[in-house]
Amino acid sequence: VKPLFEQDHYEVLEIPRDAGADRVERAYRLILSTYGEDSLAGYSVVHAADAAAIRERVETAYRVLSDDAARRSYDASLADARLAAAPSPPEEEELAEPGAAAPEPFEDLDEGGDYDGARLRRARLRRGLDFEEIARKTKVNPSYLGFIEEERYADLPPRVYVRGFVMAYAACLGLDPLAVAASYMRRYDAERPRQRRRFSRGS
Amino acid sequence: VSATLGQSAFPAGAPAEEARAARARPVAIPVGGGKGGVGKTFLVANLATALARAGHRVVAADADLEGANLHTCVGVVDPGPSLADFVAGRTDDVRSLLVDTPIANLRILAATHGNFGMAQPEQADRVRLMRQLRELDADFVLVDLGAGTHPAVIDYFMIGEAGIVVITPEPTSLENAYAFLRAAFYRRLQLAMLSHRVREVVALAMDERNERGIRTPLDLLREVRAIDPAEGARFVETMRAFRPRLVVNEARTAEDVKLGFSVRSVCRKFFGIEAEYLGYVNHDEAARRSVRNRRPVVEAEPRSDAAIYIQRVARKLVELGRPEAAESEP
């Protein structure tokens with residue numbers, strides 16, 4: 001229970017001291033959006049000045065912790081400071097990592113069955129990923145990702161592309177691309193002939 | 001036992017027996033959130049059903065006297081005996097008011113039904129009610145709280161240390177949820193603090209527009225420490241024991257899913273309170289349909305998106321089990 005200005009960089013980012021680069025990055029993005037200018041999460045509690053102060057602290061923390069050399073020397077200075085003080089209590093075990101995949105600390109509840117659009121969406125939301133993020137990694141057009149989830153097969157390009165998209169999407173979610181594609185394409189093959197294009201694709 | 005999803009998703013059967021033997025009293029989980037219409041009753045009905053389907057003996061209690069309709073959500077049209085009988089003094093034993101539901105292992109304590117003139121239970125009644133609920137012969141007792149931050153509502157949040165706060169991705173919900181958390185925490189503090197002067201400051205802080213400018217629990221802690229360091233230590237202890245759990249309902253986007261983590265950060269940075277993000281339930285037409293059909297979605301459409309998310313939250317409740325601090329009496 002420390003005020004912001006007394007918190008060290010790890011406390012500001014709300015991560016344990018052994019957090020890897022990935023975790024630092026995610027925590028930084030989460031806190032930055034949490035205390036962004038029109039953030040929903042802070043509504044009625046976090047005033048603009050508080051949010052600005054936090055963003056500034058977070059930027060500093062991130063600059064140090066995302067740079068290996070700077071982080072090592074910062075860690076050393078923390079260790080020195082702690083020699084004098086009593087050891088801090090061990091970090092509470094995190095049930096869920098900020099911004100990570102999910103508030104789901106247990107194994108995925110594998111609902112089984114086909115990899116249909118809804119199941120892909122669940123997997124995506126669990127990982128806290130939006131279409132833009134996946135599109136960046138897979139280079140698949142975000143609207144196609146949406147059509148894949150909605151099973152709007154008629155709005156997608158020819159089959160061979162769809163299979164490629166689904167595999168890339170699955171890989172991005174950490175799922176087995178071949179298994180997902182096989183399952184998804186079974187549904188596609190059964191359903192595709194029955195679908196007409198619902199909406200014009202535009203230019 | 002049919003191999004439906006709901007059952008296979010849980011350690012049913014023998015593990016449930018083991019869990020039962022390991023604890024004499026039920027895990028009590030209040031479900032609040034400040035704002036009406038965020039899905040508290042929906043969540044209670046469905047979490048209770050999910051737990052019951054997994055073989056746990058569950059009681060769902062409706063403490064929302066003004067919008068009582070938990071019974072309808074679990075398919076009980078006219079519950080008959082209800083909390084009203086307890087409040088009116090017609091019975092002193094909550095056990096005699098429990099009503100079976102169409103769902104095996106699930107009983108409910110309904111709130112009043114068609115009795116507009118019913119008074120809110122007095123504080124002494126609430127304490128008695130909570131004590132009896134905690135002593136029921138069941139594995140889980142879920143309590144559906146009404147809206148608002150009146151003591152008649154937030155007192156029930158003290159039935160367990162790890163109550164659930166339901167939020168939806170809207171500013172109105174967040175505003176009320178933070179007000180609710182603050183009120184629930186201050187109420188707890190009032191009971192934990194010994195010094196009269198400190199209790200007075202806590203009472204003052206309960207008014208959000210207090211003249212001392214105490215906005216958050218962390219501001220209040222500073223004041224309390226200045227008055228009496230020993231009370232400051234008790235304050236921190238109370239703070240640590242308070243572990244509300246968050247559920248985001250009606251999530252539609254990845255942004256909504258992350259909201260739980262963001263709220264957790266605000267609770268930590270501004271309230272000094274460690275909230276836990278339990279999970280989220282996405283927006284799903286199946287949920288709407290289930291309410292219309294007066295059947296919990298986890299039972300009516302167990303493979304729907306909403307049902308799968310709810311079962312995940314329920315599974316987490318089983319895993320987390322009973323918080324140690326749940327013993328403290330309000």
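Just the heavy atoms: all of them, side chains too, but no hydrogens, waters or symmetry mates, feed the values below. Predicted, not measured: the structure shown is a model, and the values here were computed from it. Lettering of chains follows the sequences in order, A, B, ..., and the numbering in each one begins at 1.
Smallest separation of non-hydrogen atoms from A:Arg55 and A:Leu32: CG-CD1, 4.2 Å.
Partners of B:Ala52 by side chain to side chain contact (heavy atoms under 4.5 Å, CB included), not counting sequence neighbours, listed by chain and number: B:Val58, B:Ile103, B:Asn105, B:Leu106. Applying the ring-ring contact (aromatic ring centres under 6.0 Å, His included) rule to A:Tyr43 yields no partners; only residues at least two apart in sequence or on another chain are considered.
Residue contact with chain B, scored on non-hydrogen atoms closer than 4.5 Å, is absent for A:Phe131. Residue contact with chain A, scored on non-hydrogen atoms closer than 4.5 Å, involves the backbone and the side chain of B:Ser265 alike. Within the 4.5 angstrom heavy-atom criterion, atoms from both the backbone and the side chain of A:Leu40 approach chain B. Residue contact with chain B, scored on non-hydrogen atoms closer than 4.5 Å, involves the backbone and the side chain of A:Thr34 alike.
Checking B:Tyr309 against B:Asn249 by side-chain atom types alone, no donor-acceptor pair falls below 3.5 Å.
Inspection of non-hydrogen atoms places B:Pro169, B:Glu170, B:Pro171, B:Leu174, B:Glu175 of residues 166-175 of chain B under 4.5 Å from chain A.
Note: B:Phe185 and B:Phe235 have perpendicular aromatic rings, judged against thresholds of 30 and 60 degrees for the angle between ring planes. Relative orientation of the B:Phe242 and B:Phe157 rings is perpendicular, given thresholds of 30° and 60° on the angle between their planes.
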_Intermediate values then yes/no, salt bridge (charged side-chain N to carboxylate O under 4.0 Å, His left out), A:Arg63 and A:Asp67_ = CA-CA 7 Å; A:Arg63 250 196 323 276; A:Asp67 176 324; over 6 Å; no
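For residues 171-190 of chain A, the pairs satisfying side chain to side chain donor-acceptor pair (under 3.5 Å) are A:Glu151-A:Arg187, A:Arg159-A:Asp189, with sequence neighbours left out.
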